[in-house]
Peer 1: 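Please read through the structure below; I'll follow up with questions.
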Protein chains: 2
Amino acid sequence: MTPQRRVTLADIAAACGLSKATVSMVLRDNPQVHPNTRARVRAELDRQGYVYHRGAASLRRAGAVNAVALVVNDLANPFFAEFAAGVDAALAEAGHVLLLGSTGESVERQHAVLASLVEHDPAALILSPAEHSSAARLRRVLGARLPVLLFNRRLDGDGPGDWDYLALDNRAGARLATEHLLARGHRAIAFFGGHRDSSSCSERREGYRDALAAAGITPDPAWLIECAPTRQEAARQTPALFVRDPAPTAAVCYNDAVALGLMAGLAACGRRAGADFAVVGFDDIAESAFATPALTTIATEPRARGLQAARLVLARLRGELPASPHTTIAPVALQVRASTAAAPDSPLQSSVQARGPAA
Amino acid sequence: MTPQRRVTLADIAAACGLSKATVSMVLRDNPQVHPNTRARVRAELDRQGYVYHRGAASLRRAGAVNAVALVVNDLANPFFAEFAAGVDAALAEAGHVLLLGSTGESVERQHAVLASLVEHDPAALILSPAEHSSAARLRRVLGARLPVLLFNRRLDGDGPGDWDYLALDNRAGARLATEHLLARGHRAIAFFGGHRDSSSCSERREGYRDALAAAGITPDPAWLIECAPTRQEAARQTPALFVRDPAPTAAVCYNDAVALGLMAGLAACGRRAGADFAVVGFDDIAESAFATPALTTIATEPRARGLQAARLVLARLRGELPASPHTTIAPVALQVRASTAAAPDSPLQSSVQARGPAA
DNA sequence: CTGAAAGCGCTTACAG
DNA sequence: CTGAAAGCGCTTACAG
C-alpha cells in the first residue's frame with residue numbers, strides 16, 4: 001500500500017530545470033523569485049503531489065519546528081479532554097501541531113512518555129504533571145533546552161520553580177464553595193476526595209479551611225477524606241462520610257468527578273444528593289450541568305484554560321514573555337445549581353432545591 | 001530560558017575520543033561495540049544530557065519515524081476522547097507517539113489540519129472523517145504514501161475504498177436497539193438525531209428499518225428527525241417528536257450525546273425519560289451509565305476501538321496485513337438500563353423502570 | 001533572479 | 001571492534 005518513493009525538492013527542481021535552492025525559496029514565498037518561475041514551480045509541486053518535510057527543514061533551520069507537546073493525566077477524564085481540545089484549537093489556529101501523551105497519573109509512565117515525545121523535538125511542552133513528579137527527574141528527561149509550561153500542579157521539590165506555570169485559583173475556589181455551603185446553613189462540612197500531597201488538593205483544602213476559620217469552625221479531622229480523584233473511588237468512599245455521628249451534612253469535593261461519584265454513592269446508601277446532603281464540585285465539566293441534581297460547582301473553564309496554556313507557550317516561543325518564569329493564576333467562579341440544598345436544621349430548609357445564588 | 005546549543009552525537013564522540021558512527025551504534029544497541037566502549041559512551045550520554053533526534057535519524061533511515069497521526073471530530077466529545085485515549089495507550093505501549101488533530105466536523109478545517117500534520121511525516125494516519133469528506137480531495141492532501149485507517153465513517157464518492165477501515169456494526173446495533181423497544185411494547189418508534197447523509201447515520205437508520213419491517217411496521221416519515229449529533233441540538237429538537245398525534249412513545253437515538261440531550265429536552269417539556277418516553281442511545285460513553293435515568297444504549301466500547309485502531313495501523317506498518325484494504329466491523333451489544341420503559345398501553349407497563357433485559 | 005556548495009544530526013555501507 | 005565518507009531533504013550564505 002505504500003510503495004512510492006517520496007517526492008522531494010530535487011525532483012521538482014529537476015522537472016523545472018531549476019536548482020533546489022530556487023524551489024526552496026518558492027516554498028517559503030521568498031519574493032526574490034520571479035513570478036513566472038514561482039508559477040511554474042507551484043504547478044509542478046502540485047502535479048507531483050509534493051509534501052513538505054518539516055523535519056528536514058528544521059534540521060537546517062531551527063525555527064521550522066512547530067510541534068508542541070501536551071502531556072496530561074488521562075484523556076478519558078473530561079476535564080483534561082476539554083483542556084486538550086482548547087490547546088488543540090489554539091495551536092491549530094497558529095499553524096502548530098499537537099503531540100499528545102498521557103501519564104495515567106504514574107510517574108514511571110510519565111517518564112517514558114516524555115522521553116519518547118522529546119525525541120520528536122517539540123518546540124515546547126505543556127505538562128500537567130502526575131502526582132509525586134520530581135522536578136529534578138523531569139529536568140533530566142527533558143533536558144535544559146525545552147520551554148515548559150506546567151499546568152494545574154506544582155512539582156515535588158521545586159522551590160520557586162524555573163518553568164512557566166498556569167494554575168487555577170484553587171484556594172479561592174474552594175473558599176467560595178465552602179462559603180456557599182456555610183451560607184446555606186451547613187456547619188459540618190467535609191472536604192472529600194483528592195490526595196492531600198498534590199498541590200492542587202492541598203491548595204483547595206486551604207481555601208476550605210480559610211472559609212471555615214472565618215466562620216469560627218474548626219474542621220473535625222474525620223471530615224477530611226482522601227480518595228483517588230475518580231468517580232468510582234468517590235462512590236466507593238462515600239460511606240466514610242457517615243461513620244461518625246453527627247455526620248457532615250455537606251461536602252466540598254476535590255473535583256467534579258469526585259462530586260459526581262459521591263452523588264452516585266449517596267444514592268447507593270439511600271441518600272438524595274441535593275436534598276439530604278449538599279455537594280459542591282470543582283471544575284464545571286460539561287456533564288455537571290446535566291447531572292441529577294445539577295451540580296453546584298466551581299467553574300474553571302477547562303477549554304479556556306487550554307486556549308490560554310497554548311497561547312502562553314506560543315508567546316514564550318516568540319520571546320514575548322520576560323525571561324524569568326511566568327506564573328498565571330486563572331480566576332474561578334462559583335456556579336450555583338441544584339446540588340446544594342440548605343442544611344436540615346436551617347431556616348432556609350424550605351427551598352429544598354437551591355437554585356439561586358446564596359445571598 | 002532556552003539558550004544552550006543542542007548536545008549532539010558529535011559532542012559525545014569527541015568527549016569519548018570516538019567517531020560518531022560508534023556512538024550511533026551504542027544508541028541503537030548494536031552488539032558489535034565493545035562493552036567497555038558502550039559503558040563509556042552511555043555514561044557520557046547521560047552526563048551531557050543527550051537527547052536523541054529522531055527527525056535527523058529518520059532522514060537517513062525511514063524506519064525511525066514512529067509518530068502516528070490521529071484526527072477526530074472533537075476531543076470534547078467523550079466518544080472521541082475515549083477513543084483517543086485508547087489509541088494513545090496502544091501507541092505508547094508500542095513506543096510510538098501521537099500527533100493529534102481535530103476537525104470540528106468541518107472539511108475545510110480537516111484539510112488544513114491534515115496538511116499540517118502530514119508535514120511532520122507521520123508513519124500512518126487514523127482518521128475519523130468529517131461529514132462530506134471527499135475521497136479524492138483527501139488523497140490529494142495526504143499523498144499516496146501514507147497508510148490510512150478510516151474510523152467510523154466512509155467517505156463521499158469512495159466506492160470500495162482503498163484505505164483500511166474500522167467500523168462499528170451500526171446496522172446491527174440500531175436493530176438491537178429497535179428490537180428492544182419493540183419487545184417493550186412500543187410501536188411508534190422514532191429515529192432521532194444525526195445527519196442521514198453520514199454513513200454511520202444511514203447505516204443505523206437501516207438497522208432501525210430492518211427491525212421495524214420485521215415487526216410489520218412502516219415508519220412514519222415524521223418519526224425520522226435529523227439534528228446535529230450534539231446534546232444541545234438534540235435538546236432543542238425534542239419538541240419535533242411531538243408535533244403529530246399520535247406521537248412516538250420511544251426513540252432510537254443516533255448516539256448517546258443525542259440521547260442525553262433528548263432526555264434533557266423531555267424534562268424541559270414536562271416528560272419523564274424512562275417513564276413517559278423510552279430512549280435508547282448508541283455508544284455507551286462513560287457518562288451514560290450515570291445519567292438519570294441510566295441510559296439504555298448500544299455499547300461500542302470506544303476505548304477498545306481506539307486500542308484496536310492503533311493495533312491495526314501498527315500491523316499495517318509492520319506489513320502484517322494483506323496488501324489489499326482491510327475492513328473490520330467491530331461488534332456491538334445492547335446495554336439495558338433504566339431509560340427504556342414499557343409502552344403506555346403495554347401489558348409490561350407495570351414495571352415502569354425497565355431494569356432487566358427484555359425477554 | 002538563480003545556482004553551487006556546505007551543513008543541520010543522524011545512519012549506512014565500506015574499510016581497516 | 002572502530003573510523004572516514006557519503007547521504008537523507010531541506011536551507012543558508014555566498015557568488016554570479
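These figures come from a predicted structure and were not determined experimentally.
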Peer 1: Please report the interatomic distance CG(L9(B)) to CG(L27(B)), rounded to the nearest 0.5 Å.
Peer 2: 5.5 Å
Peer 1: For the pair made of CG in D121(A) and P in dG9(C), what is the distance, rounded to whole Å?
Peer 2: 10 Å
Peer 1: Using a 3.5 Å cut-off and no angle test, enumerate the donor-acceptor pairs between side-chain atoms of residues 85-99 of chain B and protein atoms at least two apart in sequence or in another chain.
Peer 2:
{"unit_1": "D88(B)", "atom_1": "OD2", "unit_2": "S102(A)", "atom_2": "OG", "d": "2.3"}
{"unit_1": "H96(B)", "atom_1": "ND1", "unit_2": "N66(B)", "atom_2": "O", "d": "3.1"}

Peer 1: Figure out the CE/P separation between M25(B) and dC10(C), and round it to whole Å.
Peer 2: 16 Å
Peer 1: Assess whether a salt bridge exists between E105(B) and R153(B), defined as any Lys/Arg side-chain N lying under 4.0 Å from an Asp/Glu carboxylate O.
Peer 2: yes
Peer 1: Does the dT11(C) base have a donor-acceptor partner in the side chain of R60(B) within less than 3.5 Å?
Peer 2: yes
Peer 1: Could you tell me how far apart R54(B) (CZ) and dC8(C) (C1') are, to the nearest whole angstrom?
Peer 2: 18 Å
Peer 1: Whole Å only: how far is the CG atom of D11(A) from the P atom of dG9(D)?
Peer 2: 8 Å
Peer 1: DNA chain C: R40(A) or L59(A), which has the more 5' nearest nucleotide?
Peer 2: R40(A)
Peer 1: As a check on the pairing definition, encode DNA chain C in dot-bracket form, counting Watson-Crick and G-U wobble pairs whose two distances are under 3.5 Å, and using | for partners outside this strand.
Peer 2: |||.||||||||.|||
Peer 1: Among dG9(D), dG3(D), dT2(C), which nucleotide has an atom closest to any side-chain atom of Q32(A)?
Peer 2: dT2(C)
Peer 1: May I have the distance from I12(B) (atom CD1) to dG9(C) (atom C1'), rounded to whole angstrom?
Peer 2: 13 Å
Peer 1: Rounded off to whole Å, could you give me the CG-to-C1' distance for the N36(B) and dT2(D) pair?
Peer 2: 14 Å
Peer 1: Within 45 degrees of the ring normal and closer than 6.0 Å to the centroid, is that where the cationic atom of R154(B) sits relative to Y165(B)?
Peer 2: yes
Peer 1: In terms of side-chain heavy atoms, does T22(A) have a donor or acceptor partner in S19(A) at a distance below 3.5 Å?
Peer 2: yes
Peer 1: Taking R38(B) first and then E44(B), would you say they form a salt bridge - that is, a charged N and a carboxylate O separated by under 4.0 Å?
Peer 2: no
Peer 1: Between dG3(C) atom C1' and N30(A) atom CG, what is the distance in whole Å?
Peer 2: 14 Å
Peer 1: Using atom NZ of K20(A) as one end and atom C1' of dA4(C) as the other, report the distance to the nearest whole Å.
Peer 2: 10 Å
